[in-house]
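This report concerns only the one structure given below.
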Protein chains: 2
Amino acid sequence: MREDILDTGGAKKRITIHDVAAAAGVSISTASKALNNTGRMGDETRERVKRVASDIGFRPNALARGLLSKRSFTIGLLTNDTYGRFTLPVMAGVSEALVDHGVSVFLCAIEDDPALGQIHVEAMLDKQVDGIIATGKRLDRRLPVDLSNLPVPVVYAFTEGTPNSVTFRSDDAQGATLAVEWLLRSGRQRIAHITGPKEFFSVRERADAYSAAAGSAEPVLYGLWSESWGHDAIAEIWRRPGEKPDALFCGNDQIARGAVDALRERGIKVPEDVSVIGFDNWEIVAAQTRPPLTTVDMELKELGRQAGLTVLALAEGRPVEPGVRKLPCRLVVRQSCGGSTPRE
Amino acid sequence: MREDILDTGGAKKRITIHDVAAAAGVSISTASKALNNTGRMGDETRERVKRVASDIGFRPNALARGLLSKRSFTIGLLTNDTYGRFTLPVMAGVSEALVDHGVSVFLCAIEDDPALGQIHVEAMLDKQVDGIIATGKRLDRRLPVDLSNLPVPVVYAFTEGTPNSVTFRSDDAQGATLAVEWLLRSGRQRIAHITGPKEFFSVRERADAYSAAAGSAEPVLYGLWSESWGHDAIAEIWRRPGEKPDALFCGNDQIARGAVDALRERGIKVPEDVSVIGFDNWEIVAAQTRPPLTTVDMELKELGRQAGLTVLALAEGRPVEPGVRKLPCRLVVRQSCGGSTPRE
DNA sequence: GTCAAATGAAAAAACGTTTTCTCAAAAAAA
DNA sequence: TTTTTTTGAGAAAACGTTTTTTCATTTGAC
């Protein structure tokens with residue numbers, strides 16, 4: 001072999017069941033049955049075939065197998081979340097749940113481009129995926145591609161689904177309630193809510209739950225999903241006359257971080273003077289904030305896991321009830337909310 | 001159909017080339033040749049077959065095709081970067097480069113678990129991937145799985161490869177030089193370098209390039225990859241006697257952000273008093289810092305694109321020279337480095 | 001008008017499995 | 001013994017393509 005040219009590895013011939021059969025001195029049908037524990041044959045024969053197969057390193061060709069069985073042991077994950085902030089945990093959960101079942105995952109990032117989405121969907125269907133999971137960065141938006149009449153099952157995770165589909169999402173209202181109640185139980189009285197744009201469904205949902213739980217007359221501050229908005233919101237609150245809040249519930253961790261920074265700049269101590277709770281548990285923001293943020297985790301990995309198992313069930317023809325499944329959020333307690341530590 | 005049970009979609013029979021042949025009144029071989037523009041036949045026949053195929057929505061089964069052609073039009077992307085901070089741009093590049101060629105990408109997140117890695121690799125090989133791209137979060141570490149004797153080509157991207165392999169990585173030295181020279185050209189004289197742990201190869205590489213370019217007697221400050229280290233490093237520098245730096249070149253954006261925050265707390269203005277340049281162009285940190293960070297972008301998407309095209313070339317048997325390919329970095333100028341704006 | 005060449009299209013083989021069908025030999029029942 | 005049942009294992013079909021081979025017609029040259 002020339003040394004300056006890379007070995008492509010393509011030359012090595014793969015071992016087929018024919019090789020196993022030949023080496024074991026049986027027919028391919030016997031070999032197949034031996035390896036799959038089906039059919040009738042002597043124990044000795046079965047064991048010998050298995051041993052030979054393992055010795056020569058036989059691994060069945062999934063393409064050939066899939067051609068016959070109509071199952072490719074492959075699913076597609078479609079996402080428009082370029083950052084991966086939401087997709088990555090979901091993906092991790094899907095993959096984790098399915099790897100045990102021998103299922104691999106195609107990842108298709110389609111931005112917000114319908115044409116690209118179409119291309120990816122077609123490529124996946126051509127490759128005979130057993131199902132598709134659609135995921136996004138927003139609960140109240142559809143992916144820019146029509147998945148309603150596909151020949152394979154579709155499950156939606158963290159994105160708006162079609163009417164009669166299975167959709168997994170986080171229970172944002174419950175998450176918000178969790179945060180507010182924690183603050184109340186730790187003795188906080190005046191909780192403000194600084195959050196993202198009102199157009200987001202999850203913003204309204206969290207805000208409503210906040211109002212219900214806090215029973216507060218405080219107006220909700222709607223703005224952007226950015227640190228600077230968190231910063232500005234604090235300026236706004238402190239500019240206004242009247243009593244200041246002793247706790248903040250923020251719409252996401254970035255806003256919370258901006259708010260914490262703004263408070264520090266004003267010499268207000270977190271958590272001594274003001275408790276702060278964020279949303280998302282985006283580690284990279286929440287854990288690096290000083291002090292580290294208490295925040296609501298949407299359990300996206302678990303969401304992905306369930307979506308994975310569900311699409312698998314559908315692919316296997318097991319019955320699944322359609323509808324929206326809300327998964328509970330979890331409060332991750334770090335140092336940004338103090339007061340008397342409430343009971344667990 | 002019962003209404004409370006979801007349509008699995010599995011029932012719909014897929015359209016095969018047999019259906020096309022029957023509908024067009026030709027044999028399947030003629031149908032195949034018509035659709036692939038091969039073989040000899042009358043123009044009228046060819047057009048008729050194509051029209052019929054498109055009318056009834058025929059799409060060839062990639063499994064069957066792959067069985068024969070030994071190409072699955074599928075590659076695997078292996079990563080141990082759970083956060084996706086490095087993997088996501090690489091993945092985006094790979095996918096973007098390959099989607100035009102009809103190639104889909106399996107994403108396998110293997111954490112740092114050798115057993116999990118092994119499982120994923122075997123699953124991919126069973127599915128007859130045409131090649132594998134290994135990517136990670138660190139240039140000087142191997143993935144915890146042996147890819148050296150696979151029957152398919154392997155390309156490494158942003159991770160240490162095996163001796164005779166193709167590896168793509170960023171040219172960190174060039175990137176660091178870019179940053180330092182920009183600062184020098186904008187009139188800065190005393191540039192400090194705050195960076196990550198010395199064990200990282202890229203830290204040493206960037207630091208060496210910094211020293212060479214800055215010609216500086218300033219010692220490099222090694223620490224962690226965190227904001228708080230950036231913060232602490234500023235405290236350390238300002239605690240020491242002597243002249244203070246008028247520019248900082250930081251090992252990553254998080255350190256830079258911590259430094260910028262620390263400077264602000266001391267009433268030192270960025271960029272008026274001190275210019276700051278980061279590394280990574282991690283938008284979520286760099287763009288949200290106040291002021292937004294000038295930073296070095298490693299062009300990971302381009303890196304992914306090239307890795308994708310290379311693994312494709314290898315899969316098709318085209319010759320590729322082994323070795324490490326360093327891709328140039330790019331300076332992304334935002335507001336954190338001022339002084340007189342240097343010429344482009 | 002005969003033969004060779006070109007054309008159009010079908011038949012058959014192949015890819016690597018799994019599954020159904022068949023069949024001979026051995027064991028059990030009559 | 002003869003007949004039936006059980007056992008073990010091979011042959012063949014199937015999955016949906018592509019590719020090679022074959023073959024009957026038509027066309028062109030002499």
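Keep in mind the model is a prediction, meaning the values are calculated, not measured.
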| remark: A correct dot-bracket answer for DNA chain D, with pairs being Watson-Crick or G-U at under 3.5 Å, [ ] for crossing pairs and | for inter-strand pairs, is ||||||||||||||||||||||||||||||
Report the residues that fulfil side-chain contact (heavy atoms from CB on, under 4.5 Å) with [X], sequence neighbours left out, ordered by chain and then residue number.
{"X": "B:I17", "value": "B:I28, B:A31, B:S32, B:L35, B:F58"}
{"X": "B:T74", "value": "A:F106, A:K127, B:S72, B:F106, B:V129"}
{"X": "B:D100", "value": "none"}

| said: My understanding is that only residues two or more places apart in sequence, or in another chain, count here; which of them pass side-chain hydrogen bond (donor to acceptor under 3.5 Å, both in side chains) with A:E299? | reply: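 For A:E299 the side-chain hydrogen bond (donor to acceptor under 3.5 Å, both in side chains) partners, ignoring immediate neighbours, are A:R330.
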| query | Among all residues two or more places apart in sequence or in another chain, which pass the side-chain hydrogen bond (donor to acceptor under 3.5 Å, both in side chains) test with A:R138? | reply |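 A:D140.
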| For DNA chain D, the residues among residues 43-69 of chain A that have a non-hydrogen atom under 4.0 Å from it |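 Close to the strand are A:T45, A:L67, A:L68.
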| field | Close residues, residues 119-129 of chain A, relative to DNA chain D [heavy-atom separation under 4.0 Å] | value |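 Listed by number, there are none.
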| said: Show me the pairs that pass salt bridge (charged side-chain N to carboxylate O under 4.0 Å, His left out) and involve residues 73-86 of chain B, at least two apart or across chains. | reply: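 Only B:R85-B:D280 qualify under salt bridge (charged side-chain N to carboxylate O under 4.0 Å, His left out).
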| request: For B:T16, report the nucleic acid contact type (base, sugar-phosphate, nothing); a contact means any heavy atom under 4.0 Å. | output: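 If one applies the 4.0 Å heavy-atom cut-off, B:T16 turns out to touch the sugar-phosphate alone, with no base involved.
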| request: Looking at every strand, decide which applies to B:K70 at a 4.0 Å heavy-atom threshold: base, sugar-phosphate, or nothing. | output: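 Sugar-phosphate only.
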| query | Starting at the 5' end of DNA chain C and moving along, which residue's nearest nucleotide shows up first, B:G42 or A:L35? | reply |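 Whichever sits nearer the 5' end wins; that is B:G42.
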Considering only NZ, NE, NH1 and NH2 on the basic side and carboxylate oxygens on the acidic side, decide whether [X] and [Y] come within less than 4.0 Å.
{"X": "A:D112", "Y": "A:K137", "value": "yes"}
{"X": "B:E47", "Y": "B:R51", "value": "no"}
{"X": "B:D126", "Y": "A:R14", "value": "no"}

| Residues two or more places apart in sequence or in another chain: which of them pass ring pair (Phe, Tyr, Trp, His ring centres under 6.0 Å) with A:F86? |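 A:F86 satisfies ring pair (Phe, Tyr, Trp, His ring centres under 6.0 Å) with A:F158 once adjacent residues are dropped.
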Looking at [X] and [Y], would you say the former's side chain and the latter's main chain have a donor-acceptor pair under 3.5 Å?
{"X": "B:T162", "Y": "B:N164", "answer": "no"}
{"X": "A:D130", "Y": "A:F73", "answer": "yes"}
{"X": "A:S165", "Y": "A:T167", "answer": "no"}
{"X": "A:N36", "Y": "A:K33", "answer": "no"}
{"X": "A:D19", "Y": "A:T16", "answer": "yes"}

Detail all sub-3.5 Å separations between protein N/O atoms and N/O atoms belonging to nucleotides 23-28 of chain C.
none

| field | C:dA9 base / B:S27 side chain donor-acceptor hit below 3.5 Å | value |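 It does not, because no donor-acceptor pair links the side chain of B:S27 to the base of C:dA9 below 3.5 Å.
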| query | For DNA chain D, which nucleotides open and close the run of contacts to chain A, 5' to 3', at under 4.0 angstrom from a non-hydrogen atom? | reply |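 The contact span of chain A on DNA chain D goes from D:dT7 to D:dG16.
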